[in-house]
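In each ligand, atom 1 is the first atom listed, and ligand 1 is the first ligand listed.
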Amino acid sequence: MGELRVRSVLVTGANRGIGLGFVRHLLGLPNPPEWVFAACRDPKGQRAQELQNLASKHPNLVIIPLEVTKPASIKAAAASVGEHLKGSGLNLLINNAGMLVYKTLDAETQEDMSQVYATNTIGPLLLSQAFLPLLKKAAQGSPGSGLSCSKAAIINMSSYAGSIQDVYLWEYGQALSYRCSKAALNMLTKCQSLGYREHGILCAAFHPGWVKTDMGGTIEDKTRVTVDVSVRGMLNVISSLSEKDTGTFLDWKGKVVPW
Ligand code: NDP
C-alpha cells in the first residue's frame, strides 16, 4: 500500500480520539496535505487545546467550528472551507464525529435514539450533502477516470457494532441506539456510493478497531488497539482504495466487515 497523497482533507470530531489521530498522522505524512481542516464543536475551548497547539506549528491546519447535529453549523463549515480552498475542491471528507450511549433493549429511550441517530447518521448525510459541490470540484480537477481517495472520497467512520450479520461485543454492551445508528450509516454509505459514483466520488465505511479512546472505554482486551495503530492502518487502506472498493465496509487492516 502506498502513502496517501491528497491536497485537502476535512476530519470531523477532530479534537480528540480517532479524529485527532487522523489530524496528527496527516500532518506528519512525508507529503502532507496542503489543507487539513479539523472540525470540532468548540475550537477556542479547553477541549480543543491539542488542536490549537498543532495549529500554532502547522500553517496547513485550519480549525473549523462544527456541530454535526446543526444544519446551520454544517453550512457555515462548508462555506468556510470553500473560502480557504479558493476555487479548488475538497479531496477527502472523513465523517468521524460520533457518540455512544450504553442502554439495553429494555432501557432504550426515544431521546437517546434521536440524539445518537442525529449525530452518527444524519450528521454524515448532511455533511456529505453540504460538501458535495467541493468534492465534485476535486473529482473534476483530478486526472484519470477511476475512483480514489486522492481524487475525491467520503469515509464514514462506522463500527463493527453496526454489523447485523456478526453482532459484535453484545455481551460488552447492548448499546441499542449506537448499533442502529451505525447500521443505518452503513446503508447511507452504500447509497452514497451508488449516487456519487457518477460524480467521481468514492464512498466507504470503516471500522477503526476497538480503539483506546474515551469512547472505546477502559476494559483491557488483547484485541484493543491504540489510536496510532488504528489511524496508521486506516490511512494505509484509504491510500489503496480504488473503483472496486466504493460502497464497501472495511476495517483498519483493510479486511471486509460483514454488513
Ligand atoms: P471519542 O468519544 O473519543 O470522540 C468523539 C468525537 O466526536 C469528539 O471529537 C467529539 O467532540 C465529536 N462529536 C461528538 N458529537 C458531536 C457533535 N454533535 N458535533 C460535533 N462533534 C461531535 O470517540 P472515538 O474517537 O473513539 O470515535 C470516533 C469515531 O469512531 C466515532 O464515529 C465512533 O463511533 C467510531 N468508532 C470508535 C470505536 C472505538 O473503539 N473507539 C470503535 C468503532 C467505531 P467533543 O469533544 O466536542 O465531544
Side-chain angles (χ1 to χ4, degrees), residues 10-25 37-52 54 63-77 93-102 112 114-127 130 154-163 166-169 172-173 175 177-186 188-189 204-231 233-234 249-253 255 257:
L10 180 128
V11 184
T12 69
N15 58 309
R16 59 190 171 99
I18 295 168
L20 182 62
F22 267 118
V23 171
R24 282 190 197 289
H25 277 261
F37 298 103
C40 68
R41 289 197 258 211
D42 184 13
K44 297 204 167 73
Q46 195 52 42
R47 286 160 88 84
Q49 193 62 56
E50 290 192 48
L51 270 186
Q52 292 160 19
L54 283 172
I63 309 178
I64 303 280
L66 176 68
E67 161 57 66
V68 302
T69 61
K70 299 228 161 73
S73 172
I74 293 173
K75 280 198 188 115
L93 167 63
I94 303 182
N95 281 317
N96 164 77
M99 67 178 288
L100 164 61
V101 175
Y102 281 111
D112 287 335
S114 303
Q115 182 63 26
V116 173
Y117 196 80
T119 307
N120 294 358
T121 316
I122 304 174
L125 168 74
L126 299 183
L127 256 299
I154 299 169
I155 299 296
N156 289 327
M157 208 49 62
S158 182
S159 169
Y160 211 132
S163 172
D166 183 16
V167 180
Y168 178 66
L169 297 175
Y172 173 71
S177 52
Y178 185 74
R179 289 180 191 279
C180 294
S181 72
K182 295 296 191 183
L185 179 63
N186 289 346
L188 171 68
T189 309
F206 268 77
H207 167 62
W210 187 4
V211 190
K212 295 176 183 174
T213 62
D214 295 341
M215 185 185 290
T218 52
I219 286 182
E220 292 291 335
D221 187 286
K222 63 178 186 336
T223 63
R224 297 200 62 190
V225 291
T226 61
V227 168
D228 271 354
V229 166
S230 167
V231 169
M234 286 192 282
F249 182 19
L250 303 168
D251 74 7
W252 82 106
K253 292 177 182 163
K255 201 168 151 257
V257 182

### Query
Which heavy-atom pair separates V101 from M99 by the least distance, and what is that distance?
CG2-CE, 3.8 Å
### Derivation and outcome, side-chain hydrogen bond (donor to acceptor under 3.5 Å, both in side chains), residues N186 and S158
CA-CA 7 Å; N186 289 346; S158 182; 2.7 Å; yes
### Query
Looking at R16 and E50, does any basic side-chain N land under 4.0 Å from a carboxylate oxygen?
no
### Task
In sequence, state the C-alpha distance, the side-chain angles, and the governing distance for N156 and T189, and then conclude on side-chain hydrogen bond (donor to acceptor under 3.5 Å, both in side chains).
CA-CA 7 Å; N156 289 327; T189 309; 3.0 Å; yes
### Message
If we count only N and O atoms by modelled type, under 3.5 Å, do the side chains of Y160 and D166 hold a donor and an acceptor together?
### Response
yes
### Message
Is it the case that over 12 heavy atoms from other parts of the model lie below 6.0 angstrom from the OH atom of Y168?
### Response
yes
### ligand 1: protein residues within heavy-atom distance under 4.0 Å
G13, N15, R16, G17, I18, R41, R47, L66, E67, V68, T69, N96, A97, G98, T119, M157, S158, S159, Y178, K182, H207, P208, G209, W210, V211, T213, D214, M215, G216
